[in-house]
2 protein chains.
Amino acid sequence: MRRSKADAAETRQQILLAAEQVFYEKGVANASMEDVARAAGVTRGAIYWHFSNRTELFLELSRSVRLPQEDLIARELEAENADVLSVLERAGGDWLELLSADAQRQRILSILLRCDYSGEFACVCERQVDIDAEHMRALEAAFGKARTQGRLAACWTPQTAATALRWMIKGVCAEWLLFGRRFDIAREGREGLRRLFLSFAPQ
Amino acid sequence: MRRSKADAAETRQQILLAAEQVFYEKGVANASMEDVARAAGVTRGAIYWHFSNRTELFLELSRSVRLPQEDLIARELEAENADVLSVLERAGGDWLELLSADAQRQRILSILLRCDYSGEFACVCERQVDIDAEHMRALEAAFGKARTQGRLAACWTPQTAATALRWMIKGVCAEWLLFGRRFDIAREGREGLRRLFLSFAPQ
DNA sequence: GAATTAACATACAGACCTGTTTGTATGTAG
DNA sequence: CTACATACAAACAGGTCTGTATGTTAATTC
């Protein structure tokens, strides 16, 4: 029962969706390929046709979400001469709000956070680390620009400011996603960012 | 070959030490009991004698480390009328320094961070959440005291300050432990705390 | 000092789960 | 229209890991 090319693409997408659901519920390591297959309405054969193994399926899944990094970078770059800090603050807040409204993004981020990267999934982790490093460079550049504009308080360096921002966003995401989403991440996140950026500003 | 009570206790300790090593290297889910047994110089029989299953072994291991919470609380409580904020800042910094010098603590925290708590290990996670909640109450109380002393800037509430502090410590620990310990956590951690607590202070 | 029992080692049954292979029906190119 | 490649399903082979049951020896107990 050969399907057409378009059918196959849809099957692949179904598998990714199912993997997202199942990995989210059982964790990447605990979910069997059979679980994923059943959720996708296919057999393991289909999965192994489209993906060579679980790790690659996971890798592909991780590629399908934009992390805060990428969005933040995009926002920051488009603001040439504007007030870099307020752009960054708004971009961070917007991203948190986007996250709070997008269940799929929440699931994928949860999977990435809850996963144990030691062993077979190390390569997935490495990719995250790479993205992270690039993001840090961009953030530091942005804070450097703020510094030359005289908009960064003396007690912060571009590096420490970027680090603090990164820690806060990572912290709030982890807190919210891993422990039952027990607060309003958009509101409290923006509030946290507001206070942090207040301390970034001179005086 | 029945051993004496003292011998048995030592065996148990050896198993815990081995579990720490193996779980750290392979992750809790990926390590087999056989791995742990071999590292401890016993057989799986010994492990199953002392611990009913892997989850309980893991739980016991998690009990053997003091998290930042507990130490911070202790420090904070002993400071009755002193400057709460500087006590908290120093306690946080001290704890990070302690962590940076204690390889065992690093390993256990790494295990706890990297572990996937969905499924069988949910109970371990719950314990962490409970400790966390209690810690937050204590921290909020401390910041509340600072507020009544007029030492907390108007833009912070006890709750938001406690949250920010928690996020920062969690963030720096996760960053350092999970991604190759690529910076001086004691120094940069203290620096981050310093800046955060500067923004806590009035003016 | 016999009986008991604690502290393991060893052996075993069986549950998964993975990766592969084989089969097959159907698009699709020539 | 035929030959082949594609997109799977189904069956298979093998390994690993867990939990338990049972054996064994030496501490304790009385």
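Numbered from 1 within each chain, the chains take letters A, B, ... in sequence-line order.
Comment: B:Arg166 engages A:Glu175 in a salt bridge, judged by a side-chain N to carboxylate O separation of less than 4.0 angstrom. A salt bridge links A:Lys170 with A:Asp132: the closest approach of a Lys/Arg side-chain nitrogen to an acidic carboxylate oxygen falls below 4.0 angstrom. Here A:Lys26 does not pair with B:Asp116 in a salt bridge; the nearest charged N to carboxylate O distance is not below 4.0 Å.
Each of A:Val42 and B:Ala31 has a nearest nucleotide on DNA chain D; the 5'-most of these lies closest to A:Val42. Judged by closest nucleotide on DNA chain C, B:Trp49 is the one of B:Trp49 and A:Gly45 placed further toward the 5' end.
The listed nucleotides are D:dT18, C:dA9, D:dC8; the one nearest the side chain of A:His50 is D:dC8.
Taking 4.0 angstrom as the limit, B:Thr11 places a side-chain polar atom (N or O) nearer than this to OP1 or OP2 of C:dC8. At C:dA7, none of the side-chain N or O atoms of B:Arg3 fall inside 4.0 Å of OP1 or OP2 (strictly under the cut-off). Taking only side-chain nitrogens and oxygens, B:Ser4 never comes nearer than 4.0 Å to OP1 or OP2 of D:dA26.
For the pair A:Asn53 CG and C:dT18 P, the computed distance is 10 Å after rounding to whole Å. The CE-P distance, from B:Met33 to D:dT20, rounds to 11 Å in whole Å. Rounded to an integer number of Å, the gap from NZ of A:Lys5 to P of D:dA7 is 7 Å. In this structure, the CZ atom of B:Arg38 is 11 Å from the P atom of D:dT16, given to the nearest Å. One can place CZ of A:Phe51 at 17 Å from C1' of C:dT18, the figure rounded to the nearest angstrom. Between the CZ atom of B:Arg44 and the C1' atom of D:dT16 there is a distance of 10 Å, rounded to whole Å. At whole-Å resolution of the value, CG in B:Asn30 and C1' in C:dT18 are 14 Å apart. We find that CG of B:Asp35 is positioned 7 Å from P of D:dC17, with the value rounded to whole Å.
Backbone-only contact: B:Ser32 has heavy atoms under 4.0 Å from sugar-phosphate atoms and none from a base. Residue B:Arg54 is in sugar-phosphate contact alone, with no base atom involved, counting any heavy-atom pair closer than 4.0 Å across all strands shown.
For A:Phe200 and A:Phe143, the gap between ring centers is short of 6.0 Å.
Between B:Phe183 and A:Trp167, the angle of the ring planes lies from 30° to 60°, which puts this pair in the tilted group.
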